[in-house]
Amino acid sequence: MPFQPLQQEPEIQRRWLESGAFRAKRAAELPAGSRTFYMLVMLPYPSGRIHMGHVRNYTLGDVTARFRRMRGDEVMHPLGWDSFGLPAENAAIKHGIHPALWTRRNIEEMKGQIQKMGISYDWDREIASFQDDYYRWNQWLFLQMWERGDVFRAMRTVNWCEELGTVLANEQVVDGKDERTGYPVVQKPLEQYFFRTTKYADELLYCLDGLDWPDNVKTMQRNWIGRSEGARLAFDLEGGSQVEVFTTRLDTLFGVTFMALSTEHPVIEKAAETDPALKAFCDQVAAMSREDRLMSDIKLGHRSAVSAIHPFTGEKVPVFAANYVLMDYGTGAVMGVPAHDERDHAFALKYGLPIPKVIEAESEWDLGVLVNSGEFTGMRSEDAVTAMVAKLQGRAEKTVTYKLKDWGLSRQRYWGTPIPTVHCPACGVVPERPENLPVRLPEDVAFTGHGPSPLTTSASFLDTTCPHCGKPARRETDTMDTFVDSSWYWLRYLDPKNPELPFAKAESDAWMPVDLYVGGIEHATMHLIYARYFYKVLRDLGLASGPEPFQKLICQGMVLKDGSKMSKSRGNIVDPDEVISKYGADALRLFMIFAAPIEKEIDWTGFEGIEGASRFLKRITRMVEEHEVCGDALPGRDQLSPEEKALLIKLNQTIARLTDDLEKRYQFNTVVSGLMELSNAITDLPADAPHRGAVMQHVLDAFVRLMSPVAPHLAEQLWSQLGGPGLCMQAAWPAADPAYLEADEVMVVVQVNGKVRGRVNVPASATEADRRAAALACPEAQAHLAGKEVVKIVVPPGGKLVSLVVK
RNA sequence: GCCGGUGUGGCGAAAUGGCAGACGCGACGGACUCAAAAUCCGUUUCCCCCUAAAGGAGUGUCGGUUCGAGUCCGACCACCGGCACCA
C-alpha cells in the first residue's frame, strides 16, 4: 500500500476506537504490581478551533502515552474542557447565542479536530466543567473548605474592572489592565469570598524542592510566594495607640528618623478626619491608577500630626502618609531608615529628614556591624536582631511574611460555578446544605453586556429559603473564578461518573501523582499554584494522598509564525486542520516533535519542515513496500555478513537510545533523528546481502514499533503489511539485544596531548593493555610521538579512546 | 534593581566530561525526463592548497580545573523570560 494518509488515517483511527485500546483501567482492574503512568495535558478552553500550540502539547503527551503503553505500563491519558469563562458570555452578548450552546458546539468541533490527530485519549473519561455533574463538586468542595475555615468572607480592596463588571485576581492584572481583554482595572473595596492560600504558603514553598519541574517555573513560584524573614515591632504613638511595622532590618532600628504608613492605613485614615490637607493627599494617591503608581518611582509623602516614640531612645519620630507603602504587604507601615534603605533614603532627601548612619558595611544597604546604636553598638547585624527582640520584651518578635495573597474567588459573572451560599436576613451568609447541590445555573437570564451579573435578573434563581432557619432568603449571585475548575479536574478524570464524591480515594491512590504534566509556561504562577494548593487541601480533607499532584512538569514552547505569536488579529494563523488535510496527521506530529527541543519555540516559517517530515514517511513506506514478508529465522551472528551485522548493531543501539530518550531524558526531537538514522542505515543494506529477507523482516518489524508513538497511523499500516499480529500500538516496545550493542571490531580514537591524531581498529575483546599498545603503534600518532617521551596514558571507561601525554 | 534561562554552520539543531556540527531544512552540482515536478546520488564551518594528502583555527569574551571542556568552575558581554516602591 502506498503512503496515502488522507485515506488511511481515518480508517486506522476507527480501528483504535473500536478496539478500546485507549481505555484506562479502574483501580480495581489494575493487575497486582502493575506500573501506572498518568500522562496529563492542561485541559483546553473550548474557544472554537485548536491551534498549533494544542497540536504540539497533545502530540508530546501522546508520544509519551503510547510509548508507556508499549513498554507495558498501565496508562491514564484523558482530556476534558475548561468550559466556564468570559468568552462564552461575550459570545452570548455579541451573537445572542446561549453560553451553553456556544460551548457545546465548540467542544464538538475541537474534539473532532483532536481525534483527527490520532491522540490516544480515553474519551470515556471526558469531562467538561460547565456541566453540573462537574461543577457540583466545586460547590461540594467549597462547602468542605468552608467547614474547615479554608473559605472566608472579607472586605478587601479588589482589582475591579468596570467594563467587565467583575473582580480579577492579582495574577490576572497586568499593567493595570485585564491580562485577557486589556480593559482598565481600578482598586475598589468589596466583600469577597477567599480561599486561605496563605495558610499553605510555607508548604507550597518548600515542596518545590522535591519537584522535577523546570527551574524557571520553580523560581517564578518562589518569587510569587515571596517569603521574607524579619520582625514585627510595635511603636507607641503619642496619645496612646500603637502602630506595628514589619522590617527585615531590625538591626537598623537606631537609624529610624520617620515612619511611613500607607494612605489606607487606619492610623492615617483617622488622622485625615481632622486634617483636610492629609485627606487631600490620600485622595490624590487613591485616584492614581495602579499603573501610574508603579510607573513613577517618585516618593510622595505628607506629614501627619501624629508622632511615634522610638522604643529605645524615646525620641519623637514624625509619621508620614506615603505613596510607596503598600497596605496589602506586611503591616502597611514602615519604619523609615534613610541611611540603609534606598527608598527611605530618597524619601528623606526629598523631605529634609536626617540620615544617621548606624551600620558599618561594604555598601550602605548591606548587613554589617552596628554603630551609634546605644548598647548594641559593635554587634553584628544578625546578632543585633536577636538581642533587640529580647530587649524589646514582647513589643517585637521575629516573623515571616509572604507576598502570596489569599485567593479571591468571587466573580460577578454568569458563566461560572454558582457559589453555594445564601443570604438570610436573620442568619447572615449561610452555606447551602450538601444534599441540595448542585446549585444550578438558571436558564432564564438576559445577556446585556453591561450592568450587574445576569444572575441577579433571575427570580427563579434568587428566591430561596435559608438552609438554617427556613425563612425566605436570597441566593448568592457571585460565581467562582474559573481557576477553581482547573484546580482539581485531573482527579475527576480518575472517577468521572462518581455520584457520591468528587472522586474515590482508591482511584486517586492508584494513579496519583501525575507522572508527566505538559502545558504552557503561562500557567507557571496561577494555575500551577492553585492546583498545588487545592491538592494540599484535598489531602488534609482526607480525599487524596501525597503532598504534590504533578511530579514532573514540562512546559512546551510556543509555535510562532515569522517570529511572532500566531493570532487572529495578526492574521498569521496556520490552521492545523489545513495541514492535516494536506499532509496527514503523522507528518504534522513528526514535524512538531522533530523541529526543536520541546521547551523551545518553533518558528513555522514555511512548509519546508513538514515537507521534510512527509518525505521521510514516504521513504519508509517505500522501504516496507519493497520488502517481501519473510518467515525465515534470523541467522546467528556468526553467519551474518558484515553489513548485516552492522545494521543489526545500529538497530539495537537505536533501541537503547530511543528508550532512554523517551523514558528518562524526555528528549523527543532526538527520537525522530534516531529513527531517521536507522532508516538511512536500512536503506544502505546491500541488495545482495545473503540473508536480506530475514534481516530486513527483523529490522523493519522493530523499526515500525519504534516509530509507532510518533507516527502511529503509518506504523499501524506498515505493521499490517509486515504481517504483525493485532495492533501495532499494542505490540511490545522492542528490547535492545546486548549481543548486538557492540561490533566485533571497535574503533579507538588516539589522542596526543589532547588532540585527536589517529584512529585504530581493535577487536571488541581487546584488553586495556591491547588498546594502549595499538594506540602507541598507530602510524598517525607515531609522527607526533617521535623524539618525545610518553609520560602518561589514559584509557577512560569504555575503552573507545586512548589519551597519550608526551613531553 | 533582583531572580532564572540561553548563546554551536546560511537555518532548526545534535554531542548523557571523550572524534564538534549527527539528523533535518535550504543551497549548489549531477542522474532520470523532450521538459518540469517527484525521486535518487553527491557537495555544503573557516583558513592554507589547482586538487588531494597533511596541517591550522573554531561552540559569545576572558581566565581556571582536567590527560581531555560546547559540556564543570569564576568573571564579563549579549539576548530572552519572570518579578519589581515587598519594607
Side-chain angles (χ1 to χ4, degrees), chain A residues 214-224 226-228 230-231 245-250 252 260 262 293-300 322-326 328-337 340-344 346-347 365 401-404 521-522 524-525 590-591 594-597 599-603 605-613 615-616 618-619 622 657 660-661 664-665 667 669-680 683 747-759 780 783 790-806:
Chain A
D215 286 340
N216 57 340
V217 176
K218 287 203 211 181
T219 305
M220 280 157 76
Q221 293 217 346
R222 287 194 185 102
N223 289 343
W224 196 262
R227 186 177 197 273
S228 179
V245 300
F246 172 74
T247 177
T248 53
R249 292 296 304 274
L250 190 64
T252 63
S262 166
R293 276 176 81 160
L294 294 179
M295 287 295 278
S296 77
D297 53 359
I298 297 167
K299 309 279 173 286
L300 289 178
N323 70 340
Y324 71 94
V325 181
L326 307 172
D328 59 1
Y329 180 78
T331 62
V334 178
M335 60 180 213
V337 185
H340 304 288
D341 180 278
E342 228 171 328
R343 289 149 310 176
D344 296 345
F347 190 85
W365 319 130
T401 59
Y402 300 91
K403 290 188 208 169
L404 185 74
I521 186 83
E522 66 274 19
T525 45
L590 191 77
F591 170 72
F594 181 54
E599 69 281 0
K600 284 196 146 190
E601 289 170 342
I602 293 180
D603 200 336
T605 43
F607 284 77
E608 294 87 0
I610 194 137
E611 294 272 5
R615 259 200 297 273
F616 171 69
K618 278 182 211 159
R619 250 195 318 266
R622 213 176 310 126
R657 180 178 143 192
D660 195 43
D661 280 351
K664 300 201 178 77
R665 303 214 306 154
Q667 183 164 298
N669 53 331
T670 51
V671 168
V672 177
S673 55
L675 288 170
M676 287 173 167
E677 281 181 45
L678 180 54
S679 95
N680 290 342
T683 314
M747 193 178 67
V748 172
V749 172
V750 183
Q751 287 186 349
V752 180
N753 284 349
K755 287 194 196 286
V756 176
R757 295 299 183 185
R759 298 167 180 86
E780 293 93 340
V790 178
V791 293
K792 195 172 177 186
I793 303 178
V794 181
V795 184
K800 287 182 195 153
L801 182 138
V802 177
S803 182
L804 306 173
V805 186
V806 302

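Naming: A, B, ... by sequence-line order, numbering from 1 per chain. No hydrogens, no waters, no symmetry mates; every other heavy atom, side chains included, goes into these values.
The C1' atoms of rC62(B) and rG55(B) are separated by 27 Å, rounded to the nearest whole Å. Across the C1' atoms, rA78(B) and rG60(B) are found 7 Å apart, a figure rounded to whole Å. One P atom belongs to rU66(B), the other to rU16(B), and the distance between them is 22 Å to the nearest Å. For the P atoms, the distance from rC49(B) to rA37(B) is 38 Å, rounded to whole Å. For the C1' atoms, the distance linking rG64(B) with rC46(B) amounts to 28 Å, nearest Å. Rounded to the nearest Å, the gap between the C1' atom of rG70(B) and that of rU8(B) is 7 Å. rG63(B) and rA53(B) are spaced 37 Å apart, taking the C1' atom of each and rounding to whole Å. Spacing of C1' atoms, rA54(B) relative to rA38(B), comes out at 42 Å, to the nearest Å.
For the atom pair OG1 (Thr331(A)) and CG (Leu326(A)), the distance works out to 11.0 Å, reported to the nearest 0.5 Å. Note that CG of Asn223(A) is 6.0 Å distant from NZ of Lys403(A), once rounded to the nearest 0.5 Å. Here the OG1 atom belonging to Thr252(A) is positioned 11.5 Å from the CH2 atom belonging to Trp365(A), to the nearest 0.5 angstrom. Taking CZ of Phe591(A) as the reference point, atom CZ of Phe616(A) lies at 15.0 Å (rounded to 0.5 Å).
A distance-only check finds no donor-acceptor pair linking the side chain of Arg619(A) to the backbone of Asn680(A) [under 3.5 Å]. Of the possible polar contacts, none joining the Arg757(A) side chain to the Ala783(A) backbone as a donor-acceptor pair under 3.5 Å is found.
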Report task. For each nucleotide in nucleotides 14-33 of chain B, reading 5' to 3', give B when a protein heavy atom comes within less than 4.0 Å of its base, S when such contact involves only the sugar-phosphate, and - otherwise. Result -> SSB-BB--BBSSS-------
Query raised in the report: Taking protein heavy atoms under 4.0 Å as touching, what does nucleotides 69-75 of chain B look like 5' to 3' if B marks base contact, S marks sugar-phosphate-only contact and - marks none?
Result: -------
Query raised in the report: With the sugar-phosphate defined as primed atoms, P, OP1 and OP2, and the base as all remaining atoms, what B/S/- string results for nucleotides 52-66 of chain B, 5' to 3', for protein heavy atoms under 4.0 Å?
Result: ---SSS---------
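Nearest-nucleotide assignment on RNA chain B puts the 5′-proximal partner with Ala595(A), out of Ala595(A) and Lys403(A).
With sequence neighbours excluded, no residue forms a side chain to side chain donor-acceptor pair (under 3.5 Å) with Glu342(A). Evaluation of the side-chain contact (heavy atoms from CB on, under 4.5 Å) rule for Arg222(A) yields Leu205(A), Leu208(A), Asp209(A), Lys218(A) as partners, not counting sequence neighbours. By the ring-ring contact (aromatic ring centres under 6.0 Å, His included) test, Phe594(A) pairs with no residue at all, sequence neighbours left out. Partners of Thr401(A) according to the side chain to side chain donor-acceptor pair (under 3.5 Å) rule, which considers only residues two or more places apart in sequence or in another chain, are Tyr329(A). In terms of the side chain to side chain donor-acceptor pair (under 3.5 Å) criterion, residue partners of Asp341(A) (sequence neighbours excluded) are, by chain and number, Arg343(A). Taking Ser803(A) as the reference, Gln751(A), Val794(A), Leu801(A) meet the side-chain contact (heavy atoms from CB on, under 4.5 Å) condition, with sequence neighbours excluded. Scanning for side chain to side chain donor-acceptor pair (under 3.5 Å) contacts around Arg615(A) gives an empty result, with sequence neighbours left out.
The distance between atom OH of Tyr402(A) and atom C1' of rA87(B), rounded to the nearest whole Å, is 17 Å. Atom CZ of Phe591(A) is separated from atom P of rC11(B) by 17 Å (rounded to the nearest Å). When rounded to the nearest whole Å, the span between CZ of Arg227(A) and P of rA87(B) equals 13 Å. Here the P atom of nucleotide rA38(B) and the CZ atom of Arg622(A) are 13 Å apart, to the nearest Å. Distance Tyr329(A) OH to rA87(B) P: 4 Å, rounded to the nearest Å. Nucleotide rU6(B) holds its C1' atom 14 Å from the CD1 atom of Ile521(A), rounded to whole Å.
Regarding the sugar-base torsion, rG9(B) falls in the syn class, its angle being within 90° of 0.
Counting only heavy atoms from C-beta outward, the side chains of Ser673(A) and Arg657(A) approach each other to under 4.5 Å. Two residues are said to be in side-chain contact when any heavy atoms from C-beta on lie closer than 4.5 Å; Val337(A) and Thr247(A) fail this criterion. The shortest side-chain heavy-atom distance between Val752(A) and Leu804(A) falls under the 4.5 Å cut-off.
Consecutive pairing runs in RNA chain B reach the stem threshold at B:1-7 with B:77-83, B:10-12 with B:23-25, B:26-31 with B:39-44, B:45-47 with B:55-57, B:60-64 with B:72-76, where a stem means at least three Watson-Crick or G-U wobble pairs with distances under 3.5 Å.
Residue side chain Lys299(A) reaches the base of rC85(B) through a donor-acceptor N/O pair under 3.5 Å, judged by distance alone.
A close approach under 4.0 Å does not occur between any side-chain nitrogen or oxygen of Thr605(A) and OP1 or OP2 of rG12(B).
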Filtered N/O pairs between nucleotides 1-5 of chain B and protein, under 3.5 Å:
unit_1: rG5(B); atom_1: OP1; unit_2: Asp215(A); atom_2: OD2; d: 3.4

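Lys299(A) forms a cation-pi arrangement with Tyr324(A), by the criterion of a distance under 6.0 Å to the ring centre and an angle within 45° of the ring axis.
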